[in-house]
Novice: 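Below is one structure. I have some questions about it.
The structure displayed is predicted, hence computed values, not measured ones. Throughout, residue positions are numbered sequentially from 1 according to the sequence presented. Scope of the values below: all heavy atoms of this structure, side chains included, with no hydrogens, waters or symmetry mates.
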Amino acid sequence: MSTPFATIPDDGTPLRVVVVGAGGMGRAWLRTVEESPLVELAGIVDLDLRAASEAAASLGRPDLPIGAGTARLASDVGAQAVINVTVPAAHHPITTEALAAGLPVLGEKPVASTVSQGLSLAAAAELHGQLFMVSQSRRYNRQLFSAKRLSSALGSVGIVSAEFFKAPHFGGFRDAMDHPLLLDMAIHQFDMARFLLDADPVSVFCEEYNPPWSWYRGDAGSTAIFEMTGGERFVFTGSWCSPGQETSWNASWRISGEHGTVLWDGDNEPVSSFPVSGDAASSEDPGQEIAGSLRDFVAAVRTGSTPMGRVHQNIMSLAMVEAAILSASTGARVSVDSLLEDSYQQAILAEHDPAVLEVLKSWTSVRSALAGESVAL
């Protein structure tokens, strides 16, 4: 069976990449790229050329090529792939441009600003035969893999809960945005729950709230109950204005199953009430956060293996966010299939590329397309 995206055989040299975005997260990615033997930084793209130049200088490479156009700079420097670290509103146009130029893309979460835009990008990846992978970086954690291994011994899992309580004073856009917790952070825990359960969302009931002492304009607290495809429930509750006794950035987890319970505080090795033979720690090493997702991306591009964040799979994590927000705004339980269908119709209406539109219209259903059943293999 052939891979659904083009590969770049390993010739013994690092994969040449350009990084798009020279902001705070962009600089974190630039440092990670510079430290990795798997890739070679060939250039930096940013609409603010001064920011790109300063980022290059901060790496000790003031002569590194910079530019404002992704496809143009990638062509000029002979890049083989793009790492998109722009703001969410720019994810769709930048990734579309790179895919159309025949370049695989590793992008920061979320996949796009909306599920409908994510569906457009999945169709574009199919059309151009290129990999688009979303860096859902908190999946790349050895302790999370250990928690999954321990939970596999519990028999049927009934409920997974994640508690997230922090009090960061970011300043800037997060303080002013709508749904700051759900939009900017909870997608990590939603995606981690999908990984732990090997399941996707069916429906959700969610409430948002904002304590009177909150320094956020939008609701900084939320509780969401998801029904998952295996019948399990995933419960997320958290706040971004809860000072004292704060949880890990990964959240604090409880996995309750037929034979026992696994606990993970997000920072240390998980523990299980059910005895497990051998070392409780996972033997798998997924790498750590964005360095792990970069390694996964390069392996996929080189070998055709399916990375954890392939666009078709990752859209369901953003769908959980959108469904939770819709539930909170309507006060009603939301069907994820209904949200996917509405997003699909929006994608059809909004698509300007006739070839991408043709791919979208060829899908027999959104879920089957995202599961790979409508992708030519």
Side-chain angles (χ1 to χ4, degrees), residues 5-47 49 51-87 90-91 93-109 111 121 124-125 128-137 140 287-305 307-311 314:
F5 51 84
T7 58
I8 303 172
D10 190 351
D11 62 0
T13 62
L15 191 74
R16 288 178 60 81
V17 302
V18 293
V19 172
V20 187
M25 196 63 196
R27 292 198 179 200
W29 270 101
L30 287 166
R31 291 191 296 271
T32 298
V33 168
E34 279 285 84
E35 292 168 0
S36 172
L38 302 175
V39 290
E40 176 187 354
L41 180 62
I44 302 174
V45 178
D46 201 292
L47 292 176
L49 293 178
S53 180
E54 290 175 349
S58 72
L59 298 173
R61 298 183 60 186
D63 296 329
L64 188 69
I66 63 172
T70 301
R72 174 71 177 273
L73 184 65
S75 176
D76 288 347
V77 300
Q80 299 166 290
V82 166
I83 300 176
N84 183 0
V85 201
T86 55
V87 296
H91 287 187
I94 295 297
T95 300
T96 298
E97 178 186 353
L99 293 171
L103 295 164
V105 179
L106 173 59
E108 257 296 332
K109 62 85 184 168
V111 55
L121 291 175
H128 299 294
Q130 296 296 330
L131 171 64
F132 172 34
M133 171 185 160
V134 181
S135 174
Q136 205 73 58
S137 59
Y140 295 88
Q288 187 65 25
E289 298 186 350
I290 63 175
S293 61
L294 178 62
R295 188 179 75 179
D296 203 9
F297 175 73
V298 174
V301 169
R302 291 298 197 191
T303 69
S305 60
M308 287 197 288
R310 184 169 174 245
V311 58
N314 185 260

Novice: Compare all side-chain heavy atoms of Met308 with those of Asp296 and state whether any distance is below 4.5 angstrom.
Specialist: yes
Novice: For the side chain of Arg302 and the backbone of Ile8, is there at least one donor-acceptor N/O pair under 3.5 Å apart?
Specialist: yes
Novice: With heavy-atom distances below 4.5 Å as the criterion, would you say the side chains of Val33 and Val19 are in contact?
Specialist: yes
Novice: Roughly how far apart are Leu30 CG and Met25 CE, rounded to 0.5 Å?
Specialist: 11.0 Å
Novice: Between Gln130 and Ala125, is there a donor-acceptor pair closer than 3.5 Å when you use the side chain of the first and the backbone of the second?
Specialist: no
Novice: Got a donor-acceptor contact below 3.5 angstrom from the Asp46 side chain to the Ala51 backbone?
Specialist: no
Novice: Could you tell me which non-hydrogen atom of Leu64 sits nearest to which non-hydrogen atom of Ala56, and how far apart they are?
Specialist: CB-CB, 4.0 Å
Novice: Which heavy-atom pair separates Val105 from Ala98 by the least distance, and what is that distance?
Specialist: CG2-CB, 3.5 Å
Novice: Checking side-chain contact (heavy atoms from CB on, under 4.5 Å) for the pair Arg295/Tyr140: CA distance, chi angles, key distance, verdict?
Specialist: CA-CA 10 Å; Arg295 188 179 75 179; Tyr140 295 88; over 6 Å; no
Novice: Where is the tightest heavy-atom contact between Ala90 and Thr86, given as atom of each residue plus distance?
Specialist: CB-OG1, 3.5 Å
Novice: Do any pairs count as a side-chain hydrogen bond (donor to acceptor under 3.5 Å, both in side chains) and have a residue in residues 10-27, sequence neighbours left out, and if so which ones?
Specialist: Asp11-Thr13, Arg16-Glu40
Novice: Report yes if the side chains of Leu131 and Pro307 come closer than 4.5 Å at any heavy-atom pair, otherwise no.
Specialist: yes
Novice: Please tell me whether Ser137 and Ser135 have a donor and an acceptor in their side chains that are separated by less than 3.5 angstrom.
Specialist: no
Novice: Working to the nearest 0.5 Å, report the span between CD1 of Ile44 and OG of Ser53.
Specialist: 8.5 Å
Novice: When you measure from the side chain of His91 to the backbone N and O of Gly107, does any donor-acceptor pair fall under 3.5 Å?
Specialist: no
Novice: Over all heavy atoms of both residues, which pair between Pro104 and Gly102 is shortest? Give the atoms and the distance, please.
Specialist: CD-O, 4.0 Å
Novice: Mark yes when over 12 heavy atoms from residues, nucleotides or ligands other than Arg61 sit less than 6.0 Å from its CZ; otherwise mark no.
Specialist: yes
Novice: Heavy-atom distance under 4.5 Å between the side chains of Phe5 and Val301, does that happen here?
Specialist: no
Novice: Do Pro65 and Leu73 touch side chain to side chain, with heavy atoms closer than 4.5 Å?
Specialist: yes
Novice: Out of curiosity, Arg72 CZ to Thr70 OG1, how far, rounded to the nearest 0.5 Å?
Specialist: 12.5 Å
Novice: Less than 4.5 Å apart, side chain to side chain, heavy atoms only: is that true for Val45 and Ile66?
Specialist: no
Novice: Keeping Ser36 on the side-chain end and Leu38 on the backbone end, is there a donor-acceptor pair under 3.5 Å?
Specialist: yes
Novice: Would you say Thr303's side chain and Ala299's backbone share a donor-acceptor pair under 3.5 angstrom?
Specialist: yes
Novice: Report the distance from atom CD1 of Ile94 to atom CG of Leu121, rounding to the nearest 0.5 Å.
Specialist: 11.5 Å
Novice: Does any part of the side chain of Ile83, heavy atoms only, come nearer than 4.5 Å to the side chain of Val39, both counted from C-beta?
Specialist: no
Novice: For a 4.5 angstrom cut-off between non-hydrogen side-chain atoms, does Asn314 reach Gln136?
Specialist: yes
Novice: Have a look at Phe132 and tell me which of Thr96, Leu106, Leu103, Val311 forms a side chain to side chain contact (heavy atoms under 4.5 Å, CB included) with it.
Specialist: Val311
Novice: Taking atom CD of Glu34 and atom CG of Leu59, what is their separation to the nearest 0.5 Å?
Specialist: 5.0 Å
Novice: Supply the atom-to-atom distance Gln288 CD to Ser293 OG, rounded to the nearest 0.5 angstrom.
Specialist: 10.5 Å
